[in-house]
Amino acid sequence: MIFRSGEQAYYLYVLLKGRVTLSRYYVTGKRNTLYEVRENQIFGEHYIFGNDSVYKYGAKAMSDVELLKIPGHYFSGYCSKQCQSHRLLIDNMLGVLSEKEWMAIKK
């Protein structure tokens, strides 16, 4: 398992090689596969850029994988050369992206 439902979300992941499934597990033992992540796709971003910091689903490697694991705090800090307007634009854009993905997962 890469991460489990209920764990604190600290990272955004990039799948470089392999297959990962995002699934929700129920107390009855039932598993609902939400999405299969393909190579060069990101996952976990809505926890980093959205308003929720606890995973609501699990991520499981379905083969040998290579992952790029990026700490979420890398995205919340900006260098001193970036202006306030630029920072707000980035934050708002990422928030919209996160919300859009949440809507797709909730279907």
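Positions are given from 1 along the sequence.
- Side chains of Glu7 and Tyr47: a donor-acceptor N/O pair is absent below 3.5 angstrom, by distance only.
- Here Thr33 contributes atom OG1 and Lys60 contributes atom NZ; the two are 9.5 Å apart, rounded to the nearest 0.5 Å.
- Atom-to-atom distance recorded for Leu68:CG and Lys17:NZ is 13.5 Å, nearest 0.5 angstrom.
- Using a 30° and 60° split on the angle between ring planes, Tyr57 and Phe3 fall in the tilted class, from 30° to 60°.
- Between Leu67 and Leu16, the shortest heavy-atom distance links the atoms C-CD1, 4.3 Å.
- Taking NZ of Lys30 as the start and OG of Ser23 as the end, the distance is 11.5 Å to the nearest 0.5 Å.
- Taking both residues in full, the closest heavy atoms of Gln8 and Tyr55 are given as O-CE1, 3.6 Å, listed atom of the first, atom of the second, then distance.
- By the 4.5 Å heavy-atom criterion applied to side chains, Phe43 and Leu22 are counted as neighbours.
- Note that the CD atom of Glu66 and the CD atom of Glu39 stand 9.0 Å from one another [nearest 0.5 Å].
- Figure legend: Lys69 and Tyr11 shown as a cation-pi pair, the cationic atom lying under 6.0 angstrom from the six-membered ring centre and within 45 degrees of its axis.
- Closest of all the heavy-atom pairs between Leu15 and Val37 is CD2-O, 3.4 Å.
- Counting non-hydrogen atoms of other residues, nucleotides and ligands closer than 6.0 Å to CG of Asp64 gives a total of 12 or fewer.
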Working for side-chain contact (heavy atoms from CB on, under 4.5 Å), residues Tyr35 and Thr21: CA-CA 6 Å; Tyr35 188 73; Thr21 58; over 6 Å; no
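- Between Val20 and Ala59, the shortest heavy-atom contact is CG1-CB, 4.1 Å.
- Taking both residues in full, the closest heavy atoms of Ser63 and Arg19 are given as OG-N, 3.0 Å, listed atom of the first, atom of the second, then distance.
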